[in-house]
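Here is the structure we will look at.
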Amino acid sequence: MNNNRTRGISGLTLLFGIVLIAIIYWFVGNPGSQEAPYTYRDFQNGVKEDQITRVEIRQNRVAPTGTIRVQDKKDELHELHVSDVNEIQDFLDSYDVEFEVADVPQDSWVVTTLLPTLLMVGAVLFVVAMMNRQGGANAKAMNFGKSRARMSTELDNKVTFAQVAGLKEEKEELEEIVDFLKAPGKYTQVGARIPKGVLLEGPPGTGKTLLAKAVAGEAGVPFFTISGSDFVEMFVGVGASRVRDLFEDAKGNAPCIVFIDEIDAVARRRGTGMGGGHDEREQTLNQLLVEMDGFGVNEGIIVMAATNRVDILDPAILRPGRFDRKVMVGRPDVQGRLEILQVHAKGKPLGDDVDLEQTARTTAGFTGADLENLLNEAAILAAKEGRVYLQQSDIRHAFIKVGIGAEKKSRVISDKEKKITAFHEAGHAILFHVLPDVGPVYSVSIIPTGVGAAGYTMPLPEKDEMFNTKGRMLQDITVALGGRAAEEMVFDDITTGASQDIRQATAYAKSMVTKFGMSEQLGLVNYDNDSDEVFIGRDWGHTSRGYGEKVASTIDMEVKRIIDECYVEAKRMIEERRDVLDRCAELLLQKEKITREEFEALF
Ligand code: ADP
Ligand code: MG
Ligand code: ZN
């Protein structure tokens, strides 16, 4: 694309130059017309005084006008325009001066025909080129509403699943989509409804775009890609018409994939826009929803979208029949990172001492894009030193360079930190598993999440329950404190890493006491005047506290009692399973992310 543009510009410059030269040539006229002033009178005198040796008369075709060329005795040549050549002939005859009559020399056809034609053609080309430049590269300037989607088919560099390293589960989930696009008949035959939309969600650089391309590549179908920000334009209505146009194109090419990258730019929660709502975006989003509802279930168009902010998406977009499939694309674990490194090491000769496994181990929290960047920087360093292969030292130096950038997004973590995190998460996980009303654990991970958490323990999605019980709330608090309890048990010191847990536990305990009447000390009185906002309300609602100092201190005491009791309980339960804790932490350190099965096998 860049190449195209530069070529376009140099072509234009050339054209412009030609036109300019032609114009100059035109204006300056034929060279040779610049003569010393030689008047008719000079000529007459010359003839009378017999100074003229030769005269050539050139008559124009129609009128008697013409030019004469006069050669005098000093061998100087003069040219004169005359109004009547016949008069000149008579005049010369009377003085007996030799003369020749000739045709007016025709201007060469280059000047008379070719040049003006060229000029015209040049001008036309110039205008066309100008129009193209505005339109061609950045969609069609004359046609705002046209979709900017770029279609790519198998012909241009096809991406396959083989190029997407790691992301095993994600690829498995998408396998089905590929299969459908390849053989839709197989599914429609048995009346299966294929998802219309697949939403890829994950931090930037984890390979969402790559994955979407790979689905198209695997299935061998056209791939229409457009970025959410392309929809958001200055003019109201443009986005909506782009959406319409995009789906029009897609329908003509089904089966195919429509990929909307960074969909959050357009599908942000409606009605919450800053500055009185973004009309344009809402219209665009509405149009997108209309289109997605509009095409039939099995028409063979699958809309894929990527975002790293699923929380700000409009809920309407996640309804069944739209993006009903969600695929989480997470940061890679050790194994994933190794595979990504191997993919990007292709074409980069590695020295004997390069240990990609070790590199994978030390790059926790790096995304695919970070790793690609790491190897690229290493290759640049090698090239700078004139080597044709990479050394481990190149990777080490690149790591420092890339790591600083990556640190802003995730965090490069030390072994010690990793170990603490492993025990911390193992503590949570064990309690999730052991306590009856919470859990089970879906996955445990110590891959930094990039939003400040060093790891996470994810329970299965909660069942829909009308209300919480006191027992369950206490268990939630216990689980939240499990991380800190495990840390304290294993290391002499404790870390600041549990602040989020402590905050959550406190919030639970506080609402038990002030909202749900679960404390005997305070009874069935609502002391919660913070209108549900436990977190921020505490700071804002202080002045209008509806109770006295004594009650306030009782609340504090009760909250503390609940937390203390839960903490003791958490510690006891983990201590009883110290061997599980150790093995779980060890497994986490080794794999960084473990599944439910792997975790449960520890018991
Ligand atoms: P996202 O769309 O999630 O922000 P991209 O798909 O644009 O991320 O990834 C950016 C680049 O990072 C890719 O072009 C690729 O070089 C590299 N990359 C990311 N994830 C992977 C992966 N799983 N395997 C191989 N390369 C990857
Ligand atoms: Mg992307
Ligand atoms: Zn925790």
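Atoms CD1 and OG1, from I257 and T225 in turn, are 11.0 Å apart once rounded to the nearest 0.5 Å. Interatomic distance, Y187 OH to L181 CG, rounded to the nearest 0.5 Å: 10.0 Å. Rounding to the nearest 0.5 Å gives a distance of 10.5 Å between CD of Q335 and CD of E592. From R325, atom CZ reaches atom CE of M304 across 11.0 Å, with rounding to the nearest 0.5 Å. How far CG of L350 is from CG of L375: 7.5 Å, rounded to the nearest 0.5 Å. For the atom pair L589 CG and D415 CG, the distance stands at 8.5 Å (nearest 0.5 Å).
Closest heavy-atom contact between A382 and D394: CB-OD2, 3.5 Å. When all heavy atoms are compared, the tightest approach of E176 to P195 is OE2-CD, 4.5 Å. Of all the heavy atoms in P349 and G347, the pair that sits closest is CD-O, 3.7 Å. Across all their heavy atoms, I302 and F180 have their closest contact at CD1-CD2, 3.7 Å. The two residues V343 and A165 come nearest to each other via the heavy atoms CG2-CB, 3.6 Å. The shortest heavy-atom contact between G427 and L581 is N-CD1, 3.7 Å.
Looking only at side-chain heavy atoms (C-beta outward), N308 and P203 stay at 4.5 Å or farther from each other. Put simply, the side chain of V178 reaches to within 4.5 Å of the side chain of F161, judged on heavy atoms. Counting heavy atoms from C-beta outward, V215 and F223 have side chains that stay 4.5 Å or more apart. Side-chain atoms of T421 and L588, non-hydrogen and from C-beta on, never get closer than 4.5 Å to each other. Between I477 and Q504 the shortest side-chain heavy-atom distance does not fall below 4.5 Å. Looking at heavy atoms from C-beta onward, L174 lies in side-chain contact with L211 at the 4.5 angstrom threshold. Under the 4.5 Å side-chain criterion, counting only non-hydrogen atoms from C-beta, T495 is in contact with E487. Side chains of R472 and D476 form a contact here, defined as non-hydrogen atoms less than 4.5 Å apart.
A distance-only check finds no donor-acceptor pair linking the side chain of R596 to the backbone of Y442 [under 3.5 Å]. Judged by distance alone, with hydrogens and angles left aside, the side-chain atoms of E598 form a donor-acceptor pair with the main-chain N or O of T595 at under 3.5 Å. Q475 places a side-chain N or O within donor-acceptor distance of the main-chain N or O of D437, the cut-off being under 3.5 Å. When atom types are taken as modelled, the side chain of K418 and the backbone of I446 share no donor-acceptor pair closer than 3.5 angstrom. For the pair H344 (side chain) and E372 (backbone), a donor-acceptor distance under 3.5 Å is absent. No donor-acceptor distance shorter than 3.5 angstrom exists from the side chain of R322 to the backbone of G197, with no hydrogens or angles considered. Formation of a donor-acceptor pair under 3.5 Å by the N253 side chain with backbone atoms of C256 is not found in this model. At distances below 3.5 Å, at least one donor-acceptor pair connects side-chain atoms of H397 with backbone N or O atoms of S393.
For residues 301-311, the salt bridge (Lys or Arg N to Asp or Glu O under 4.0 Å) pairs, not counting sequence neighbours, are R309-D311. The side chain to side chain donor-acceptor pair (under 3.5 Å) pairs that include a residue from residues 204-220 are T209-D261, where partners are two or more places apart or lie in different chains. Pairs passing the ring pair (Phe, Tyr, Trp, His ring centres under 6.0 Å) check and including a residue from residues 581-603, sequence neighbours excluded, read H433-F599, H433-F603, F599-F603.
Aromatic pair F259/F224: ring centres not closer than 6.0 Å. The ring of F366 has its center closer than 6.0 angstrom to the ring center of F399.
Under the side-chain hydrogen bond (donor to acceptor under 3.5 Å, both in side chains) criterion, E248 pairs with no residue at all, not counting sequence neighbours. Judged as a side chain to side chain contact (heavy atoms under 4.5 Å, CB included), and not counting sequence neighbours, the contacts of L210 are V159, V164. In this structure E586 satisfies the salt bridge (Lys or Arg N to Asp or Glu O under 4.0 Å) test with no other residue, sequence neighbours excluded. Shown here are the side-chain hydrogen bond (donor to acceptor under 3.5 Å, both in side chains) partners of T478, two or more places apart in sequence or in another chain: there are none. Scanning for side-chain hydrogen bond (donor to acceptor under 3.5 Å, both in side chains) contacts around R244 gives an empty result, with sequence neighbours left out. In this view, Q342 and L338, E339, L356 satisfy the side chain to side chain contact (heavy atoms under 4.5 Å, CB included) rule, not counting sequence neighbours. Every residue two or more places apart in sequence or in another chain was checked for a side-chain hydrogen bond (donor to acceptor under 3.5 Å, both in side chains) with E262, and none qualifies. In terms of the side chain to side chain contact (heavy atoms under 4.5 Å, CB included) criterion, residue partners of N376 (sequence neighbours excluded) are, by chain and number, I380. Not counting sequence neighbours, S499 has no partner by the side chain to side chain contact (heavy atoms under 4.5 Å, CB included) test.
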* Go through the steps to decide whether T363 and D370 satisfy the test side-chain contact (heavy atoms from CB on, under 4.5 Å), and finish with yes or no. => CA-CA 9 Å; T363 45; D370 292 333; over 6 Å; no

* To do: Take E417 and I420 through the test side-chain contact (heavy atoms from CB on, under 4.5 Å) and record every step on the way to the result.
  => CA-CA 5 Å; E417 271 182 296; I420 295 173; 5.7 Å; no

* Apply side-chain contact (heavy atoms from CB on, under 4.5 Å) to the pair K251 and I301, showing each step before the final yes or no. => CA-CA 7 Å; K251 276 177 206 161; I301 301 175; 3.7 Å; yes

* To do: Show your working on side-chain contact (heavy atoms from CB on, under 4.5 Å) between F323 and L313 and close with a plain yes or no.
  => CA-CA 11 Å; F323 290 100; L313 288 187; over 6 Å; no

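Dense packing is recorded around NZ of K348, with more than 12 heavy atoms of other residues, nucleotides or ligands lying under 6.0 Å away. Other residues, nucleotides and ligands contribute at most 12 non-hydrogen atoms within 6.0 Å of the CD atom of E357. The 12-atom threshold is not exceeded at NZ of K591, counting heavy atoms of other residues, nucleotides or ligands nearer than 6.0 Å.
For the residue pair T284 / Q287, no side-chain donor-acceptor distance below 3.5 Å is found, with atom types taken as modelled. Between the side chains of T367 and R331, no donor N or O sits under 3.5 Å from an acceptor N or O.
Considering L371, L374, V354 as possible partners of T359, the one that fulfils the side-chain contact (heavy atoms from CB on, under 4.5 Å) test is L374.
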